[in-house]
Amino acid sequence: MPIQILSPQVASQIAAGEVVERPASVVKELIENSIDAGASQIIIRTEGGGRELIEVSDDGEGIPSSDISLAVERYATSKLISIADLYSIRSLGFRGEALASIGSVARLEISSRCKDEAVGSMMVVEGGEAASVKPVGTSRGTRIQVRDLFYNVPARYKFLKTDQTENRKITELVSRYALAYPDKIFEYIQNGKQKIHTTGQGDLRETVSSIYGFEIARQMIEVGTQEHSPFQVSGVISPPGLSRSNRRELTFFVNGRWIQDAGLSSAVIQAYHGLLMVGRYPLVILNVRVPPQEVDVNVHPTKAEVRFEDQRMIFSVLQRIVRASLIGQAPSPSYAFPSSGHVFQTEQTGPQDWVSARFAPSSSSQQQGSEAHQPHFPGSDDMPLLRSLGQFGSTYLVAEGPDGLYLIDQHAAHERVLFEAMMKAVRRNEIESQSLLTAETMELTSAQTDLLKERLQSINQLGFQIEEFGEFTFRITSVPVLLSHVDPLHAVHALVDDFDGNEEPLRDEVEALVAARVCKRGAVKAGQVLSLQEQENLLRDLERCDNPRTCPHGRPTMIHLSVKALERQFGRLG
Ligand code: ADP
Ligand code: MG
């Protein structure tokens, strides 16, 4: 074939592929345009997974009727003039490509009215061909409709996933933008049903509540940068007791732009080190603000990646901020008594309740309540020396420390002790295992077989001896001494049932993951009576742990009732 210059239409469709990969990418570009237009309300509607219809309406500045046909030209933008502007860019868009790209692979309709225009204007683009601009009566702002996405690019159309998957991607995307812009109202209507609606009151916790629900919002910890820091971080992070099996809920915005950056993710994951079970990931929503000249946003057409001038500094500051907030909040939560009456409401409110601000969905304030509700946290990661006072409900140990009373969850505490002992033994290659008198065979489903095979090496390193014994059959000949008191078949079955087909732990995480599950099986249960000596031993062992305050699954091992709080409650203090 001779060399030919591509027709503008074909060139445009090829280029569109970089920007518009799927319905969610269209939604992203349109939302970003609305934000750039200063909208305070953005309404998104989709039908048929975004294939049939994507509509984004806003109450922003609007497009003057004289410019509307320019808006869909490639490289037409109102946001930048020279390449130098790129280094001081404050808008989300700048490439002038989105509308042109969308217009070349779908039927696009734009209607818009500026505030100083009496009538709005409307235009239609189909397959990259723009029809003439017509006047139209419309409210101030812009409405963009995209119908029949990829109707003229069958290759792309074919690669779209089910409606359900595309819908999920769109919902995730809208959620993220809603979280990054709590001061804007976001409404997402999917096939006529409202999926997301935020209030736009500027309250991040309230927005988190609209997206993730009240319970998660209540638990999230707020973080913010100290004044002297060279750049700003703000947002919310999950307490160690709240985690996910994948990294999908790590959300970062850099100067208001949603980005996916492995460096930022790993900085945050490291900040949780020792607080989360390996293979579990936190849920964070963090806004990073950097002077625009210190970040290159023009790395990728979808603008989902950025490059920082001082990458290392940013990561380390981020890590420090997150770590500091966690250490401040995660160690044994101290119970702050409600100022009016009822002591011991911990059961109904949950252990993290006093950690987060006393948030009610109707209140737009994130302020803490009265002084009595101020959380008080022991400063360090170490555990105070405790004197055992006894066992309570066959479930908790009661102990006295330098600053008050401690309630220790015996199961969680024992899990922590066993887990650290096991990991230490693995590192030293000193795991003790016990051979079974008679080998046990175990039959699994094919999915379980795959999961077990993948983890077999790590499991065997932890004191098991399990080998394949047929297509779906395994033979157990030894178990860790830790599990010698439980039925081996039962233990391994429980372990396999716990495997999550969705999680893809890194190789070195598998071990800790399995170890944590083994320890869960091996630990004393709630409801088990412990002798005085056993109680004492458990406290001593816990004191020796590196991370005594949480179990390997991240739940707290202890609750602290401070002397101050007790005195206040008994009316001994002012
Ligand atoms: P970019 O955002 O990179 O400038 P786009 O193709 O996304 O490129 O948009 C082209 C232009 O159309 C924008 O620069 C802006 O002037 C105008 N525009 C697009 N969407 C809106 C909107 N919702 N409100 C106001 N103006 C808009
Ligand atoms: Mg844009």
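Note that ligands are numbered from 1 as they come in the structure, with each ligand's atoms numbered from 1 the same way. Just so you know, these numbers come straight off a predicted model, no measurement behind them. Residue numbers start at 1 and run along the sequence shown.
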**Prompt:** Are R143 and E109 ion-paired here, with the side-chain N under 4.0 Å from a carboxylate O?
**Reply:** yes

**Message:** Show the nearest heavy-atom pair for residues Q319 and A271, with the distance to one decimal.
**Reply:** O-CB, 3.6 Å

**Prompt:** Can you find an N/O atom of G93 closer than 3.5 Å to an N/O atom of ligand 1?
**Reply:** no

**Message:** If only side-chain N and O atoms count, and only distance matters, is there a donor-acceptor pair under 3.5 Å linking Y181 with T207?
**Reply:** no

**Message:** Give me the residue, atom name and distance of the protein heavy atom closest to atom 15 (C) of ligand 1.
**Reply:** S78 OG, 3.4 Å

**Message:** Give the atom numbers and elements of ligand 1 that come within less than 4.0 Å of a heavy atom of G62.
**Reply:** 25 (C)

**Request:** Take every heavy atom of K79, measure it against each atom of ligand 1, and state whether any distance is under 4.0 Å.
**Result:** yes

**Prompt:** What's the shortest distance from atom 6 (O) of ligand 1 to any protein heavy atom, and which residue and atom give it?
**Reply:** L99 N, 2.9 Å

**Message:** Looking at ligand 1, is there an atom of it that comes within less than 4.0 Å of some heavy atom belonging to G96?
**Reply:** yes

**Prompt:** Starting from atom 23 (N) of ligand 1, which protein heavy atom do you reach first, and at what distance in Å?
**Reply:** D58 OD2, 2.8 Å

**Asked** Based purely on interatomic distance, does A37 place a nitrogen or oxygen under 3.5 Å from a nitrogen or oxygen of ligand 1?
**Response** no

**Item:** Shortest non-hydrogen contact from N191 toward G48
**Value:** OD1-N, 3.0 Å

**Message:** Looking only at protein heavy atoms, which one is nearest to atom 12 (O) of ligand 1, and what is the separation?
**Reply:** A71 CB, 3.5 Å

**Message:** As an exercise, identify every atom of ligand 1 less than 4.0 angstrom from a heavy atom of R95.
**Reply:** 3 (O)

**Asked** Considering only heavy atoms of E97, which atoms of ligand 1 have at least one such atom less than 4.0 Å away?
**Response** 6 (O), 8 (O)

**Min N/O separation F94 to ligand 1 under 3.5 Å** = yes

**Request:** Provide the closest heavy-atom pair for R51 versus E166 in the form atom of the first, atom of the second, distance.
**Result:** NH2-CG, 4.2 Å

**Message:** Just to be sure I read this right, does ligand 1 sit under 4.0 Å from the backbone of D67, its side chain, both, or neither, counting only heavy atoms?
**Reply:** neither

**Message:** If you take the centroid of each ring, where Trp contributes its six-membered ring, are Y281 and Y272 closer together than 6.0 Å?
**Reply:** no

**Message:** One pair to check against side chain to side chain contact (heavy atoms under 4.5 Å, CB included): T550 and L276. What are the steps and the verdict?
**Reply:** CA-CA 8 Å; T550 53; L276 284 185; over 6 Å; no

**Asked** What heavy-atom pair brings V306 and D261 nearest, and what distance separates the two atoms?
**Response** O-OD2, 4.0 Å

**Message:** Does either side chain, that of D59 or that of S40, offer a donor lying less than 3.5 Å from an acceptor on the other one?
**Reply:** yes

**Message:** Suppose we measure from atom 22 (C) of ligand 1 to each protein heavy atom; which comes out shortest, and what is that distance?
**Reply:** T142 OG1, 3.7 Å

**Prompt:** Who's the nearest protein heavy-atom neighbour of atom 17 (C) of ligand 1, and how far?
**Reply:** I63 CD1, 4.0 Å

**Fill in**
Given the options Q194, Q41, R45, E187 meets side chain to side chain donor-acceptor pair (under 3.5 Å) only with Q194

**Asked** Do any heavy atoms of E61 fall under 4.0 Å from ligand 1?
**Response** no

**Request:** Report the distance from atom CD1 of I237 to atom CG of L250, rounding to the nearest 0.5 Å.
**Result:** 11.0 Å

**Prompt:** Can you tell which part of A76 has a heavy atom less than 4.0 Å from ligand 1: side chain, backbone, both or neither?
**Reply:** backbone

**Prompt:** Would you say the side chains of R113 and T138 form a donor-acceptor pair under 3.5 Å?
**Reply:** no

**Asked** Any N/O/S of N33 under 2.8 Å from the Mg ion (ligand 2)?
**Response** yes

**Asked** Any idea which protein heavy atom is nearest atom 4 (O) of ligand 1, and the distance to it?
**Response** T77 OG1, 2.5 Å

**Prompt:** Taking the minimum heavy-atom distance to atom 21 (C) of ligand 1, which of N33, I31, D36 ranks first?
**Reply:** N33

